[in-house]
Every structure is written in structure tokens, then in C-alpha cells.
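Working notes, beginning with the structure itself.
Quick caveat: nothing in here was measured; it's all calculated off a predicted structure.
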Amino acid sequence: MEKCRVAGVVYTLLPVVAALCLSACRQPVGTPSDGPQASATPSGYGLEFLGPADCSSRGETFREVWCGSERAAARVLARHTGAPSDGPRCPPTTDFVLHISPSGPTPPQGPRESGRDSPAAAGNGPATPRGYACMRNLESPHPGDPGQGGGPLTVVGDCVHSFREGEVRETACDGSGEHPPEFEVGSAAARRALCPDTTDLYVRLGGDRPVGCARRV
């Protein structure tokens, strides 16, 4: 949970993505015959459960599938061991974060990736280390893109609205979300003093430039 102070008011950035508790199987689904071109097969397919560049299906379960298969819905941008709150940050284009358990599906425990919960997937026992996969949908929509009102990270170009006293939540910048945008993150800085004088709200982004400089829209 990230808190930002503007004119004596503390704002807390809360998640917009609802927690999902889903499961996945270690056994890869689909073969190169499922897709049109063998060249679409990632070099690591089937070697590690949802390793870098691997693809997954979507639905009631997450399954590793060949990326050329019609079942493929999302690709792994990065794969890390441990908890998202303790490990490396996901790439800015991440649409959702998949929490991977070696023994079975486990509900997300507390805030993950800027306060957002993660779906859960099961690997193949102890051989699959507990960790998380940074996922991007193969096709639109991409909630992690700037201004789309979703995704596990807050990035430059995202918008937020007042949720309740002292708190804000991300929303679509084009007004298509349930709530209209009130602030837009226009730039990022290493510290607050480097934000423009016109900044109305400071939002924690993480990374090398952790301060988001937001203006009222």
C-alpha cells in the first residue's frame, strides 16, 4: 500500500485488479501441430513451468501451452523466484502477475506489485520453485499499458481517481472506466523535489525513478 501526501492529505494507491485464485498444471498442453508455424515455439517450451517467453492459456486454470496454439492467451515477459514484493520488479508492459506455487494453488497473501493481488498457479511439485511470472496478453486488451486503468504497476501515463478520504485508485484516462480520471501521472522523478511545480499529487512508481508526478485533469 503506497501513500502520497499532497497539501497535507495522504493518498494511498490501492489495487484495481481483483484477486483471483486459479490453478494450473505443469504438463504442457498443445504441440507444434496445433499452430501454423513451428518458428513460433519458444526455445524453452516445456523445460520450465512458465519460463521466460513461454505462453499460458486462460480460463478456470492456467496451463502452459505452445505459443503457436490457439489456446495461447498470454506470454511470460519475466520469471522470478520468491514473492513479488521481495523480488525484481516486473516490466512496465506487464498486464498481470501470476503467483506460482510448487505444491498447488495458493491464494495471494497480502499486497503484491504496488498493492495488487496476483492470480495463482500450481507447478509440478518441489521441482517448480515458488515464484511469479510477469504476463502480457497476446492480444488486446492490455490493461498494463499507460492510461488503460489496470495492470499490476503504476506507470507514467496512468490516471487515478479519489476512492475514499486519503485514497486513490487507478482508472482509465479516456473516461471509459467506472470512475472518471482526476489525476494523470505525467512524469517520473528520482525524488519529489525534481517534479514540476505544477504537480498536484505524488504517486510511488518504484524503479530508478520512484516518484510519479501527477497533475489534476
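Using a distance-only test at 3.5 Å, with no hydrogens or angles considered, no donor-acceptor pair links the side chain of E170 to the main chain of V160. In this structure a side-chain-to-backbone donor-acceptor pair under 3.5 Å is present from S69 to R71. D158 contributes a side-chain N or O that, together with a main-chain N or O of V155, makes up a donor-acceptor pair within less than 3.5 Å. The backbone N or O of S162 lies less than 3.5 Å from a partner atom in the side chain of E182, making a donor-acceptor pair.
Listed here is the closest heavy atom pair of C213 and T199: CB-OG1, 3.6 Å. For T154 against R89, the heavy-atom pair with the smallest separation is O-NH2, 3.8 Å. For the pair A73 and R58, the tightest heavy-atom approach, listed with the atom from each and the gap, is CB-CG, 3.4 Å. Residues A133 and I100 share a closest heavy-atom pair of CB-CD1, 4.1 Å. Considering every non-hydrogen atom in both R79 and G131, the closest pair reads NH1-CA, 4.4 Å. Between S57 and V65, the shortest heavy-atom contact is N-CG2, 4.0 Å.
Considering only heavy atoms from C-beta on, L50 comes within 4.5 Å of L98 through its side chain. Between H99 and R130, the closest side-chain pair of non-hydrogen atoms falls below 4.5 Å. Looking only at side-chain heavy atoms (C-beta outward), F96 and C134 stay at 4.5 Å or farther from each other. Put simply, the side chain of C195 reaches to within 4.5 Å of the side chain of Y202, judged on heavy atoms. With a 4.5 Å cut-off on side-chain heavy atoms, C90 and L77 do not count as touching. Counting heavy atoms from C-beta on, the side chains of V76 and M135 come closer than 4.5 Å. Here the side chains of R75 and C67 are in contact, with some heavy-atom distance below 4.5 Å.
Qualifying side chain to side chain donor-acceptor pair (under 3.5 Å) partners for T198, counting only residues two or more places apart in sequence or in other chains: none. Every residue meeting the salt bridge (charged side-chain N to carboxylate O under 4.0 Å, His left out) condition with R136, not counting sequence neighbours, appears here in chain and number order: D95, D145.
Classified by interplanar angle (parallel below 30°, tilted 30° to 60°, perpendicular above 60°), the ring pair H161/H179 is parallel.
Listed by first and then second residue, the disulfide (SG to SG under 2.5 Å) pairs involving residues 150-179 are C159-C173 (not counting sequence neighbours).
Side-chain heavy atoms closer than 4.5 Å link hydrophobic residues (I, L, V, M, F, W, Y) into clusters, and following such links, possibly through other members, connects V156 to F183.
Expressed to the nearest 0.5 Å, how far CD of E184 lies from CG of D200 amounts to 12.0 Å. To the nearest 0.5 Å, the span separating CZ on R192 from CZ on R204 amounts to 10.5 Å.
Inspection of the E64 and S56 side chains reveals no N or O donor paired with an N or O acceptor under 3.5 Å.
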